[in-house]
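Computed from a predicted structure; not experimentally measured. So you know, we letter chains A, B, ... as the sequences are listed, proteins then strands, and number each from 1.
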Amino acid sequence: AQSVTQPDIHITVSEGASLELRCNYSYGATPYLFWYVQSPGQGLQLLLKYFSGDTLVQGIKGFEAEFKRSQSSFNLRKPSVHWSDAAEYFCAVGAGGSNYKLTFGKGTLLTVNP
Amino acid sequence: NAGVTQTPKFQVLKTGQSMTLQCAQDMNHEYMSWYRQDPGMGLRLIHYSVGAGITDQGEVPNGYNVSRSTTEDFPLRLLSAAPSQTSVYFCASSISTGPSEAFFGQGTRLTVV
């Protein structure tokens with residue numbers, strides 16, 4: 001069975017600083033990979049996704065992620081964090097070419113200091 | 001432009017009561033799923049459907065029933081609520097199982113006392 005690990009439960013950064021959120025997955029074949037963001041009391045919004053091809057993918061709000069097969073990782077990055085980026089971030093894997101049977105990591109809560 | 005609509009947004013139940021969480025999508029999506037979100041646990045798949053009349057269990061199906069009589073609707077039923085079912089429930093839909101993403105509703109916060 002597939003699994004997703006987000007090693008950092010809580011990260012605090014200063015506004016304007018760079019950000020990297022880590023995600024490691026376990027799956028035998030090439031997975032579908034997603035990053036979702038959740039603001040307090042809200043649903044999940046897709047930031048970006050990887051299915052195949054170019055391993056560096058661009059998303060909304062200035063986020064990008066890089067798929068590294070050798071490390072089973074799909075880390076999320078942003079060069080300069082804004083206060084509005086404070087939220088919880090979830091990495092998810094869809095096994096077997098699935099986007100409806102997702103396995104999520106436990107999430108990383110991002111706090112942005114002014 | 002409704003997308004995925006969940007009702008109600010909030011609900012308090014007593015132990016043993018039954019209820020149905022509603023989920024409707026207007027995007028003609030074939031695939032729909034239910035997840036529950038608990039603090040520190042991320043989201044976990046309860047049930048999913050690959051089309052009208054077809055449902056299957058996810059990771060945590062116990063205590064929940066589903067049916068899919070139409071493409072648009074995918075209700076989640078709690079037959080006898082338990083405090084362990086206190087959670088935030090999310091419904092999601094997607095157009096196909098190919099390279100596309102799932103769209104999520106705004107969630108239903110359920111408290112069982």
Side-chain angles (χ1 to χ4, degrees), chain A residues 1-10 21 23-25 29-54 57 59-60 63 65 67 74 87-109, chain B residues 2-7 9-10 21 23 25 27 29-51 54-61 66 68 71 74 87-109:
Chain A
Q2 66 271 17
S3 66
V4 176
T5 301
Q6 293 180 247
D8 304 303
I9 296 173
H10 188 191
L21 302 182
C23 172
N24 292 97
Y25 69 90
T30 300
Y32 285 179
L33 293 163
F34 306 86
W35 274 100
Y36 283 91
V37 61
Q38 184 182 36
S39 298
Q42 300 297 310
L44 279 76
Q45 180 182 23
L46 181 73
L47 284 176
L48 45 77
K49 57 188 181 284
Y50 174 79
F51 299 125
S52 63
D54 192 347
V57 293
I60 63 171
F63 285 92
F67 171 61
F74 188 56
E88 190 157 22
Y89 292 78
F90 293 95
C91 180
V93 61
S98 157
N99 57 28
Y100 59 93
K101 291 193 294 181
L102 299 177
T103 297
F104 284 83
K106 295 183 178 181
T108 298
L109 181 64
Chain B
V4 180
T5 302
Q6 293 184 237
T7 56
K9 287 185 170 49
F10 302 94
L21 280 63
C23 175
Q25 52 91 9
M27 298 174 283
H29 284 176
E30 202 66 27
Y31 299 88
M32 297 185 74
S33 308
W34 276 102
Y35 297 85
R36 60 176 289 173
Q37 182 181 26
D38 302 293
M41 298 294 292
L43 281 80
R44 292 178 291 170
L45 182 65
I46 305 172
H47 285 285
Y48 63 93
S49 170
V50 300
I54 307 170
T55 64
D56 205 347
Q57 297 180 352
E59 179 185 356
V60 288
V66 292
R68 183 104 178 266
T71 299
F74 190 42
S87 187
V88 181
Y89 292 85
F90 288 98
C91 178
S93 73
S94 55
I95 191 168
S96 75
T97 188
S100 61
E101 71 266 24
F103 295 84
F104 284 80
Q106 291 298 296
T108 295
R109 183 173 294 275

Atom pair CD (B:Gln106) and CG (A:Leu44), whose distance is rounded to the nearest 0.5 Å
9.5 Å

Find the distance between CG (B:Leu45) and CG (A:Leu102) and round it off to the nearest 0.5 Å.
8.0 Å

Candidate pair A:Gln38 and B:Phe104, rule side chain to side chain contact (heavy atoms under 4.5 Å, CB included), full reasoning
CA-CA 11 Å; A:Gln38 184 182 36; B:Phe104 284 80; over 6 Å; no

Under 6.0 Å from the CZ atom of B:Arg44, do we count more than 12 heavy atoms belonging to anything else shown?
yes

Side chain, backbone, both or neither: which part of A:Tyr36 has an atom under 4.5 Å from a heavy atom of chain B?
side chain

Please identify, among B:Ala92, B:Gly40, B:Gly105, the residue contributing the most non-hydrogen atom pairs under 4.5 Å to chain A.
B:Gly40

Need one label for B:Val50: side chain, backbone, both or neither, based on atoms under 4.5 Å from any heavy atom in chain A.
side chain

Among A:Val4, A:Ile9, A:Leu46, the residue with the most heavy-atom pairs under 4.5 Å to chain B is A:Leu46

Taking atom CZ of A:Phe104 and atom CD of B:Gln37, what is their separation to the nearest 0.5 Å?
9.0 Å

How far does CD of A:Gln45 sit from CD of B:Glu101, to the nearest 0.5 angstrom?
10.5 Å

With rounding to the nearest 0.5 angstrom, report the CD to OG1 distance, B:Glu59 to A:Thr103.
6.5 Å

The interface call for A:Lys49 against chain B, heavy-atom contacts under 4.5 Å, is side chain

